[in-house]
Amino acid sequence: MDYQDYSRCLAEFLEIEPEVGETIAMDGKVLKGSYLREDDNLHCQPHPAIMLASAYIVERGLTLPAYEVERQTNEITALPDFIEQLALKGVVFAFDTINTQKNLSADCG
């Protein structure tokens, strides 16, 4: 299952879009139990855990489509692309402290 396509379709169906002036809280999380060790299943290749960056419209309590973080990277490098996808004039983004690094701010303009 492609998580991004599923999330996008669900959000479109429910007509979830951020509006000007709303706050979008963003955070990255590793999905517990999403990894596969070599001895878990003899029929599947081992793989690392799935990491998603999520966005939440604070004022309405709605979750926007999740953004899957590439395996060789992390939340810090993934968020600029995610922000670019959500960028609207007048939307406020809120992050935890890991995403307030100097280089991240420069990349986001």
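Computed from a predicted model, the values in this text were never measured in an experiment.
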Colleague: Just so I know, are the side chains of Ile57 and Leu64 near enough to count as touching, which here means a heavy-atom distance under 4.5 Å?
Modeller: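 They are in side-chain contact.
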
Colleague: For Val69 versus Ala53, what's the shortest heavy-atom pair and its separation?
Modeller: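 Looking at all heavy atoms of both residues, the shortest contact is CG2-N, 4.1 Å.
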
Colleague: Decide whether Phe13 and Leu62 are clustered together by the hydrophobic rule: side chain heavy atoms of Ile, Leu, Val, Met, Phe, Trp, Tyr closer than 4.5 Å, transitively.
Modeller: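 Phe13 clusters together with Leu62.
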
Colleague: Given side chain to side chain contact (heavy atoms under 4.5 Å, CB included), test Lys29 with Met51 step by step and report yes or no.
Modeller: CA-CA 6 Å; Lys29 294 291 179 209; Met51 181 175 208; over 6 Å; no

Colleague: Tell me the closest heavy-atom pair linking Glu19 and Val91, and the distance in Å.
Modeller: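 Nearest pair, atom of Glu19 first, then Val91: O-CG2, 3.9 Å.
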
Colleague: Taking side-chain hydrogen bond (donor to acceptor under 3.5 Å, both in side chains) as the test, write out the residues that go with Thr23, two or more places apart.
Modeller: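 Partners of Thr23 under the side-chain hydrogen bond (donor to acceptor under 3.5 Å, both in side chains) test: Glu59.
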
Colleague: If you compare all heavy atoms of Ile83 against all heavy atoms of Met26, which two are closest, and at what distance to 0.1 Å?
Modeller: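 Of all heavy-atom pairs spanning Ile83 and Met26, the closest is CG1-SD, 3.8 Å.
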
Colleague: Taking the side chain as every heavy atom from C-beta outward, state whether Phe95 and Leu79 have any atom pair closer than 4.5 Å.
Modeller: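 Yes. Closest side-chain heavy atoms under 4.5 Å.
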
